[in-house]
Amino acid sequence: MKFFIDTANLSEINEANELGILDGVTTNPSLMAKEGISGEEEVNEHYIKICNLVNGDISAEVISTNFEGMIIEGQKLAKLHENIVVKVPMIKDGVKAIKWFSDKGIRTNCTLVFSPGQAILAAKAGADYVSPFVGRIDDITWDGMELISQISDIYTTQGYHTEILAASIRTPKHIVESAELGADVITAPLKSILGLLNHPLTDIGLAKFLADHEKVSKS
Ligand code: E4P
């Protein structure tokens with residue numbers, strides 16, 4: 001399973017990258033805004049900075065909601081760097097745009113996916129990645145992980161090649177469950193990725209090893 005970090009914050013991207021396990025980055029307009037990045041030029045420069053930091057797929061989202069606008073934006077984004085994956089929302093014009101990009105060899109990530117039917121459409125249109133938002137589904141007391149499981153079953157049964165990118169991850173548990181259920185990729189905030197490290201028995205065990213080592217080296 002690939003690990004992407006879900007942020008536009010360069011120092012967090014760096015920290016995750018230094019672990020040596022980072023395979024890519026996802027961003028969205030809200031994450032860009034959180035970093036105070038605005039305007040086409042500034043946003044594009046920021047994507048290039050991210051591409052130069054991480055050797056992996058970098059999702060860059062279109063703002064347009066109509067087919068023509070998405071095509072213009074997506075082509076510009078794809079030209080920024082070979083690792084850019086154009087992120088397109090799961091709406092009618094988005095499906096058309098994904099098919100268009102797919103026919104032209106431009107890679108896409110279909111975002112804002114909340115149902116198995118939407119995931120089927122994304123795969124049929126030729127999306128390289130589909131992003132089911134597990135955390136936002138949990139937020140409304142449905143089961144985000146159930147969606148990952150359903151999409152995984154459908155894609156296996158149908159032989160679709162679209163990669164399942166579990167998004168809107170909120171906890172380390174979401175990451176573990178995504179792995180169990182067959183997600184190809186998770187995208188998570190740094191906090192959730194680092195949360196995988198934690199276990200009290202590791203801390204207790206390490207403290208004991210170091211204390212025993214210290215005793216012998218003093219005697
Ligand atoms: C996916 O690519 C999105 O950027 C992201 O995972 C959304 O997460 P959120 O629900 O925490 O905003």
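Each ligand, and each atom within it, is numbered from 1 in the order the structure gives.
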Around [atom], find the nearest protein heavy atom and jot down its residue, atom name and distance.
{"atom": "atom 5 (C) of ligand 1", "answer": "Asp6 OD2, 2.8 Å"}
{"atom": "atom 2 (O) of ligand 1", "answer": "Lys87 NZ, 2.6 Å"}
{"atom": "atom 4 (O) of ligand 1", "answer": "Asn28 ND2, 2.7 Å"}
{"atom": "atom 8 (O) of ligand 1", "answer": "Ser168 CA, 3.3 Å"}

Under 3.5 Å: N/O of [X] near N/O of ligand 1:
{"X": "Thr27", "result": "no"}
{"X": "Arg136", "result": "yes"}
{"X": "Ser131", "result": "no"}

Lys96 to Trp100, cation-pi by 6.0 Å centre distance and 45° axis angle: no

Thr26 side chain near Asn109 side chain, heavy-atom distance below 4.5 Å: yes

Met90 side chain near Leu121 side chain, heavy-atom distance below 4.5 Å: yes

Sub-4.0 Å atoms of ligand 1 with respect to non-hydrogen atoms of Ala167: 1 (C), 6 (O)

Derivation and outcome, salt bridge (Lys or Arg N to Asp or Glu O under 4.0 Å), residues Arg170 and Asp138: CA-CA 10 Å; Arg170 302 275 163 77; Asp138 287 356; over 6 Å; no

Sub-4.0 Å heavy-atom contact, Arg170 with ligand 1: yes

Heavy atom of Thr111, distance to ligand 1 below 4.0 Å: no

Shortest non-hydrogen separation from Ala123 to Thr162 and the atoms involved: CA-OG1, 3.3 Å

Which atom of Tyr129 lies closest to which atom of Lys2, heavy atoms considered: OH-NZ, 3.0 Å

Any donor-acceptor pair under 3.5 Å from His46 side chain to Ala8 backbone: yes

